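All remarks here apply to the structure that follows.
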Amino acid sequence: MYRRATVLALLGLATSAVAAPAQTPQDPFPTPLPVSDGVIRVGVSEFATLPDIAGVAARMMRLLDEPGTRRLFVNDQRGPIYSVSYDGRTVTLFVDVSDSTWKVGVHSQGRERGVQGVAFHPQYAQRNTPGFGKFYTWSDVRDTTPAPDFTPSGGGHTHHTVLHEWTARTPGAATYDGGAPRELMRFKQPYANHNGGMIGFNPLARSGTADFGLLYVGIGDGGSGGDPNGHSQNLASGFGKLFRIDPMGRNSANGKYGVPASNPFVNDGNPATLGEIFAYGLRNPQHFAWDRKNGRMFLTDIGQNTVEELDTLSVGANLGWNTWEGSFRFGAQGVSLENPRSDPKMTYPIAEYAQRDSLLLPNSAATGLLIYRDTLIPQLTNLVLWSDLPSGELLQVSADRLPNGGQDAIRRILINDGGVSKTLLQLIRDKNATQGKNPATRADLRIASGPNGQILLLNKGDGVIRLVTRD
């Protein structure tokens, strides 16, 4: 019964009559996510294709709409950043961060290292503004010779993660025409996993407001397992945090960026506390996004062995790791089911699910994030959308009736492919067959927004960017 339920669920064909057992005695969510109850179905079309590198599909990380130049930009984790026309027909290499010209030395070994994030300043295409031509990359690099700005409290020395500022002379040019990037900050990484995360500007902030032009930087806990160095709860450590910085300021310790006076810990009375911190208690933050209806900020954070979580963030929020994993106390034996959500100082998930839910086996990881307030895809309007990274599942909860933890409100979004409901991973495998490639073992699904209410799906299995349609 268990194998049948798992296989059918992964194929998007199981019904609510198919039962599945509890996963483990310490599983806080013994009832798996509903397979068919409340499922929303959408269509997709192939929008654009990024080139392989050495026969391996593009490892897409982030897609951005740059309205000033009427282009989308999407990065391959191994270094290339491509521009994509609004109709998807033209894909152009804009800049390759790994090119030796730039002396960045991208370290892209494995699935967790490489160019983690890209962000374009909101003034990128506006002449005579401070942000004209500026964009940012957040990359794992091989060169560990320069002194880091942030060091771990233990572990080894695998590589560095570096934030760079690039300045294009002509933002609308087909390819980058500026000079070498300027380094802003550097982290010494103790382990190979949980490195950087997303970087981005608040798209709701308008010129002249306090948050305008401030860059949010997601930083993992340093890796290994269980945060062995206690980074995430340590306000003197940069690991396991969401930073907020002024990339063009100069009042940081290294003089290369600014620390906003509005950050929550700037004047906490402890000289060891890092003023860059916006929120803490993070494990492996993947994506963050804002709800344009009310300004609320959301974040997806990958769990340890039990809980995947969708969170809301406020200034100074503590998400609990490694004292808490989701709503549950975390310790050497994993999570405890006693007294969940019992510390009022913590910010607990609005939605969470079991990492080894039978729908998502063999593993899961929460990523991708979009609060959809447009109407182009009406069945998705007013929903918080996110993705399960390996399985290719799209998940949703109401943006107007946020749940208070747990998985009860979570429902699936499946793709209608000629009358058959599929996950993105299944579509990728179908495409692999036409490409003459072995079927992908995982989707690495991410969600992005395009112009005029578009929703685009990224993956690392077949190089295809897909556009979500009504059905």
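These values consider heavy atoms only, across backbone and side chains, with no hydrogens, waters or symmetry-generated copies. Throughout, residue positions are numbered sequentially from 1 according to the sequence presented. Just so we're clear, the structure is a prediction, and the values are computed from it rather than from any experiment.
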- Please name all residues satisfying side chain to side chain contact (heavy atoms under 4.5 Å, CB included) with P51, sequence neighbours left out, ordered by chain then number. Y82

- Query: With sequence neighbours excluded, what pairs up with F328 under the ring pair (Phe, Tyr, Trp, His ring centres under 6.0 Å) test?
  - Reply: F29

- Message: Please determine whether a side-chain nitrogen of the Lys or Arg among K103 and D99 lies less than 4.0 Å from a carboxylate oxygen of the Asp or Glu.
- Response: no

- Message: Restricting to side chain to side chain contact (heavy atoms under 4.5 Å, CB included), what partner residues turn up for S207, sequence neighbours left out?
- Response: F212

- side-chain hydrogen bond (donor to acceptor under 3.5 Å, both in side chains) partner of Y257, the single match among E276, E183, E165: E276

- Task: Just jot down the side chain to side chain contact (heavy atoms under 4.5 Å, CB included) partners of T347, sequence neighbours excluded, or say none.
- Result: A317, L319

- Query: Taking only residues two or more places apart in sequence, or in another chain, which ones meet F278 in a ring pair (Phe, Tyr, Trp, His ring centres under 6.0 Å)?
  - Reply: Y216

- Sequence neighbours excluded, the answer for ring pair (Phe, Tyr, Trp, His ring centres under 6.0 Å) partners of F201 is H121, Y136

- Message: For H160 and H157, take the angle between the two ring planes, folded into 0 to 90°, and tell me which bin it lands in: parallel under 30, tilted 30 to 60, perpendicular over 60.
- Response: parallel

- Note on the structure: Sequence neighbours excluded, the answer for salt bridge (charged side-chain N to carboxylate O under 4.0 Å, His left out) partners of R442 is D444

- Message: I'd like to check the side chain to side chain contact (heavy atoms under 4.5 Å, CB included) partners of D400; sequence neighbours left out, ordered by chain and number.
- Response: K293, R373, N382, S398

- Kindly assign one of parallel, tilted or perpendicular to the pair F243 and F187, based on the angle between their ring planes and the thresholds 30° and 60°. tilted

- For F94, ring pair (Phe, Tyr, Trp, His ring centres under 6.0 Å) partners two or more places apart: F73, F135

- Taking only residues at least two apart or on different chains, which pairs with a member in residues 52-64 satisfy side chain to side chain donor-acceptor pair (under 3.5 Å)? D52-K437, R59-Q77

- Message: For R411, give me all partners under salt bridge (charged side-chain N to carboxylate O under 4.0 Å, His left out), at least two apart in sequence or on another chain.
- Response: D37

- The salt bridge (charged side-chain N to carboxylate O under 4.0 Å, His left out) partners of R446 (sequence neighbours excluded) come to none

